[in-house]
Amino acid sequence: MTPTTPTIAPLPYWVRGDTNAFFGFGVNVLVNVLTLTGLCLAVVNLPEGEVFGTILPALGIALVAGNIYYTYLARRLARRENRTDVTALPYGPSVPHMFIVIFVIMLPIYLRTQDPVRAWEAGLAWAFIIGVIVLIGAFVGPYIRRYAPRAALLGTLAGISITFISMNPAGQMWRMAWIALPVFALLLIGLLTDMKLPFNFPIGLAALLLGTAIGWAGGAMSVPDVTAAARDIAVAVPSFKLDLLFTGLADMAPLLATAIPLGVYNFTEGMTNVESAATAGDNYNLRSVLLADGAGAVIGAALGSPFPPAVYVGHPGWKAAGGRSGYSMATGVVIAVLCFLGMFGLLGAIFPTAAIVPILLYIGLLIGAQAFQATPRAHAAAVVAALIPNIAAWATGQIDNALAAAGTTAAAVGDDALNGAGVIYDGLLVLGQGAILAGLVLGAVVVFIIDRRFVRAAIFAGSGAVLSFIGLIHGERIEWNANGQVALGYLFVAVICAVFALGRPTPREPDPQEGEPDQQPDRADLASERTDTDRRTSALPG
């Protein structure tokens, strides 16, 4: 008999769930671009012509290219595995880096020189260095992912999601809860249950329209603001700004102190996001992802954008919303067109912020839950351990901002005064430096101790000692002996674990439902997860 060729399922470019994911993810990216636009104008005082005519079009090029690429990766994976339920990775401007490049890199130079262009040059050089480090990480990251336990990877991601992704939007929501909470409730009903809106109306669009209607009816928005913003609409075409980039790179030595650890942060975050996608059933090649992230930052910097793009937290959320491959490409194209037309001032005047940010809190819920749901129950303590450095980093940032608003700093107030008020600022500052990498190390140590795999625990603790000593974690800057007392602490942990390893203890027996500890799920497990997801999302609106 002639062997039959397996039938390859047709792969549509758009499904109903893509509409939901497009409006949800598109709003997510829209919020972030509106935020970075405001930071450029209000904090660094960059001219509107440079922001709307150069920075946003440059960012638009990076976003459309990156999202088209990730759509291609999703469709390639779907064809290779003969599936129609593959969800593309979400891609946009990195949220933590938006604030870091403005407040840590650009603002001090602007305050010192009163020259926003000098600050912009430094931001471009910093973003370029970040991209180069991520490109290097593309060849290192796969090995880290292979040996780091899932609880550590997903725990650090949950830490970012709960703090930096969720807390600020939550604060903005409760500041105008009468607008935000109805939007949030509609998102939860539509995305976490099988309830439908009439005519399968997209839940993301419905939520945005509901919040906008409530905001306008309640007087939160202003017609004159919309009219003024509409006058600023103009077409801008991106072009290379290599002169600005090379000028910034000529004085790059001071930038390395933040660029190196944040470059490591970027490829570590990319690694955890790929792991999150694999947990949801889509196993992407990490090297392909990191190469794209690094190239996006380098190209964006060459075109004039100081905001490195990256794969976003949130793939499981968009998969649960029914998104497949089309939503990512559509988001990149639409946001790019808005950037080229200078539409972000107008959009910020039309849509209330409180109607937009609930989608970010929804993503925070999904990622935080996944960290516990997709790891063995025995590793729950390790997930919490991986969360803690990110919570510390977020808390110290809030303290710093509050003190800056009062016209002072933590150094001026003094550790004794802060400790006396119950604020352990000095300890939180050390704990939160290099938070995502620190969370990965701490979470891995806890996992391997729980599993009685003390040799592995000793290796990760020893890695923590080295990373602390050179300042990649728990240090304010990259230098020799950046934080010797923390390095010594990790070294003692490694010694203790090595001593216990000498007794050759029997590794922990896994629970029947979890398989071997710290192993990736096999294809059958992933297929089962995909089936559960499809069953949950088949009735979703949109």
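Reckoned from all heavy atoms, side chains included, excluding hydrogens, waters and symmetry mates.
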S.K.: Filter on ring pair (Phe, Tyr, Trp, His ring centres under 6.0 Å), then keep only pairs touching residues 202-251, sequence neighbours left out; what's left?
M.R.: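 Matches after skipping sequence neighbours: none remain.
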S.K.: For a quick test of reading the model, state the closest non-hydrogen atom pair linking Gly296 to Ala62 and the distance between them.
M.R.: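 Residues Gly296 and Ala62, closest heavy atoms: O-CB, 4.1 Å.
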S.K.: Do the side chain of Thr408 and the main chain of Leu403 share a donor and acceptor less than 3.5 angstrom apart?
M.R.: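 Not confirmed, Thr408 side chain does not pair with Leu403 backbone.
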S.K.: Distance from Ile102 atom CD1 to Leu46 atom CG, nearest 0.5 Å?
M.R.: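 That separation rounds to 7.0 Å.
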S.K.: Just how far is it from atom CD of Glu48 to atom OG1 of Thr37, taken to the nearest 0.5 Å?
M.R.: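 If I round to the nearest 0.5 Å, the distance is 10.5 Å.
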S.K.: State, with a plain yes or no, whether a side-chain heavy atom of Val101 is found less than 4.5 Å away from one of Phe307.
M.R.: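 Yes, close enough: below the 4.5 Å cut-off.
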S.K.: Restricting to side-chain hydrogen bond (donor to acceptor under 3.5 Å, both in side chains), what partner residues turn up for Asp225, sequence neighbours left out?
M.R.: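 None.
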S.K.: As a test of understanding, state which of Leu290, Thr279, Val289 forms a side chain to side chain contact (heavy atoms under 4.5 Å, CB included) with Val274.
M.R.: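 With Val274 as partner, Leu290, Thr279, Val289 yield a single side chain to side chain contact (heavy atoms under 4.5 Å, CB included), made by Val289.
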S.K.: What are the two closest heavy atoms between Gly211 and Pro352, and how far apart are they?
M.R.: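 So the two residues come closest at O-CG, 4.0 Å.
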S.K.: What I'd like to find out is whether the side chain of Leu34 reaches to under 4.5 Å of the side chain of Phe351, using heavy atoms alone.
M.R.: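 No, side chains not in contact.
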S.K.: Kindly say whether Gly323 contributes a backbone atom to a donor-acceptor pair with the side chain of Thr87 at under 3.5 angstrom?
M.R.: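 Such a contact is found between Thr87 side chain and Gly323 backbone.
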S.K.: If we only count heavy atoms from C-beta on, is the Trp120 to Cys40 side-chain gap below 4.5 Å?
M.R.: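 Of all side-chain heavy-atom pairs linking Cys40 with Trp120, none is under 4.5 Å.
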S.K.: Could you walk me through whether Glu121 and Leu245 pass the side chain to side chain contact (heavy atoms under 4.5 Å, CB included) test, one step at a time?
M.R.: CA-CA 6 Å; Glu121 291 168 348; Leu245 174 59; over 6 Å; no
S.K.: Within this structure, what is the CG-CD1 distance for the pair Leu437 and Ile473, rounded to the nearest 0.5 Å?
M.R.: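 With rounding to 0.5 Å, CG (Leu437) is 6.0 Å from CD1 (Ile473).
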S.K.: Of all the heavy-atom pairs spanning Tyr70 and Val311, show the shortest one and how long it is.
M.R.: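 Closest approach of Tyr70 to Val311, heavy atoms only: OH-CG2, 3.3 Å.
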S.K.: Is the backbone of Arg75 close enough, under 3.5 Å, to the side chain of Arg80 for a donor and an acceptor to pair up by distance?
M.R.: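 The answer is no, because no donor-acceptor pair under 3.5 Å joins these two groups.
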S.K.: Quick one: does any side-chain atom of Tyr91 pair with a main-chain N or O of Asp293 as donor and acceptor, under 3.5 Å?
M.R.: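 Side chain of Tyr91 to backbone of Asp293: no pair is present.
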S.K.: In a check of side chain to side chain contact (heavy atoms under 4.5 Å, CB included) between Trp126 and each of Ile129, Leu124, Ile130, which one passes?
M.R.: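 Running side chain to side chain contact (heavy atoms under 4.5 Å, CB included) over Ile129, Leu124, Ile130 with Trp126 returns exactly one hit, Ile130.
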S.K.: Which value, rounded to the nearest 0.5 Å, describes the distance between Leu242 atom CG and Leu303 atom CG?
M.R.: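 Rounded to the nearest 0.5 Å, the CG-CG separation comes out at 8.5 Å.
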S.K.: Do Pro306 and Ile55 come close enough that some side-chain heavy atom pair is under 4.5 Å?
M.R.: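 A side-chain contact under 4.5 Å exists here.
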S.K.: Measure across Ala349 and Met221 and return the closest heavy-atom pair with its distance rounded to 0.1 Å.
M.R.: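 Reported closest heavy-atom pair: O-CE, 3.2 Å.
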S.K.: Hey, is the main chain of Ala393 close enough, under 3.5 Å, to the side chain of Thr396 for a donor-acceptor pair?
M.R.: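 Yes, because the side chain of Thr396 sits within donor-acceptor range (under 3.5 Å) of the backbone of Ala393.
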S.K.: Quick one, Phe340 and Val235 - any side-chain contact, counting heavy atoms below 4.5 Å?
M.R.: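 Phe340 does not reach Val235 side chain to side chain.
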S.K.: Please work out whether the ring planes of Tyr327 and Trp318 are parallel, tilted or perpendicular, with thresholds of 30° and 60°.
M.R.: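 The rings of Tyr327 and Trp318 sit tilted, inter-plane angle from 30° to 60°.
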S.K.: Assess the residue pair Leu197 and Leu186 against the criterion (side chain to side chain contact (heavy atoms under 4.5 Å, CB included)); give the C-alpha distance rounded to whole Å, side-chain angles, the decisive distance to 0.1 Å, and a yes or no.
M.R.: CA-CA 10 Å; Leu197 292 182; Leu186 191 56; 4.3 Å; yes
S.K.: Could you give me the CA-CA distance, side-chain angles and deciding distance for Val183 and Leu187, then say whether side chain to side chain contact (heavy atoms under 4.5 Å, CB included) is met?
M.R.: CA-CA 6 Å; Val183 174; Leu187 288 171; 4.3 Å; yes
S.K.: As an exercise, state the distance from CZ of Phe128 to CD1 of Ile133, rounded to the nearest 0.5 Å.
M.R.: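 Between atom CZ of Phe128 and atom CD1 of Ile133 there are 11.0 Å.
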S.K.: Checking Phe139 against Arg287 for the side chain to side chain contact (heavy atoms under 4.5 Å, CB included) test, could you report, in this order, the C-alpha distance in whole Å, the side-chain angles of both residues, the deciding distance, and whether it holds?
M.R.: CA-CA 7 Å; Phe139 299 95; Arg287 183 162 296 155; 3.8 Å; yes
S.K.: Determine whether a donor-acceptor pair (N or O, by modelled atom type, separation under 3.5 Å) exists between the side chain of Asn67 and the backbone of Val333.
M.R.: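 A pair under 3.5 Å: no.
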S.K.: Identify the two heavy atoms, one from Leu89 and one from Ala277, that lie closest to each other, and give their separation to 0.1 Å.
M.R.: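 Answer, listing the atom of Leu89 first, then Ala277: CD2-CB, 3.8 Å.
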S.K.: Strictly distance-based, threshold 3.5 Å: is any side-chain N or O of Thr71 a donor or acceptor partner for the main-chain N or O of Met329?
M.R.: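 Between the backbone of Met329 and the side chain of Thr71 there is a qualifying donor-acceptor contact (under 3.5 Å).
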S.K.: Within this structure, what is the CG-CD1 distance for the pair Leu387 and Ile162, rounded to the nearest 0.5 Å?
M.R.: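 With rounding to 0.5 Å, CG (Leu387) is 5.0 Å from CD1 (Ile162).
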S.K.: Between the side chain of Tyr284 and the main-chain N/O of Glu275, is any donor-acceptor distance below 3.5 Å?
M.R.: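 No; judged by distance alone, with no hydrogens or angles, the pair does not exist.
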S.K.: Do any N or O atoms from the side chain of Asn20 and from the backbone of Gly322 form a donor-acceptor pair under 3.5 angstrom?
M.R.: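 Looks like no, no N/O pair under 3.5 Å.
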S.K.: Side-chain contact, heavy-atom cut-off 4.5 Å: Val86 with Ser325?
M.R.: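 The answer is no; the side chains never approach within 4.5 Å.
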S.K.: Where is the tightest heavy-atom contact between Ser166 and Pro169, given as atom of each residue plus distance?
M.R.: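 Shortest heavy-atom contact: O-CD, 3.3 Å.
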S.K.: List the residues meeting side-chain hydrogen bond (donor to acceptor under 3.5 Å, both in side chains) with Asp115, not counting sequence neighbours, and say none if there are none.
M.R.: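 Asp115 satisfies side-chain hydrogen bond (donor to acceptor under 3.5 Å, both in side chains) with no other residue.
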S.K.: Using a 4.5 Å cut-off on heavy atoms from C-beta on, say whether the side chain of Tyr362 contacts that of Leu192.
M.R.: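 Yes, close enough: below the 4.5 Å cut-off.
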S.K.: With no hydrogens and no angle check, is any side-chain donor or acceptor of Lys319 less than 3.5 Å from a backbone partner on Asp85?
M.R.: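 Side chain of Lys319 to backbone of Asp85: a pair is present.
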S.K.: For the residue pair Asp18 / Tyr13, report whether a side-chain donor-acceptor contact shorter than 3.5 Å exists.
M.R.: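 Result is no, nothing qualifies.
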S.K.: Are Leu36 and Asn32 close enough that some pair of their side-chain heavy atoms sits under 4.5 Å apart?
M.R.: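 When only atoms from C-beta onward are counted, Asn32 and Leu36 do not touch, as no gap falls below 4.5 Å.
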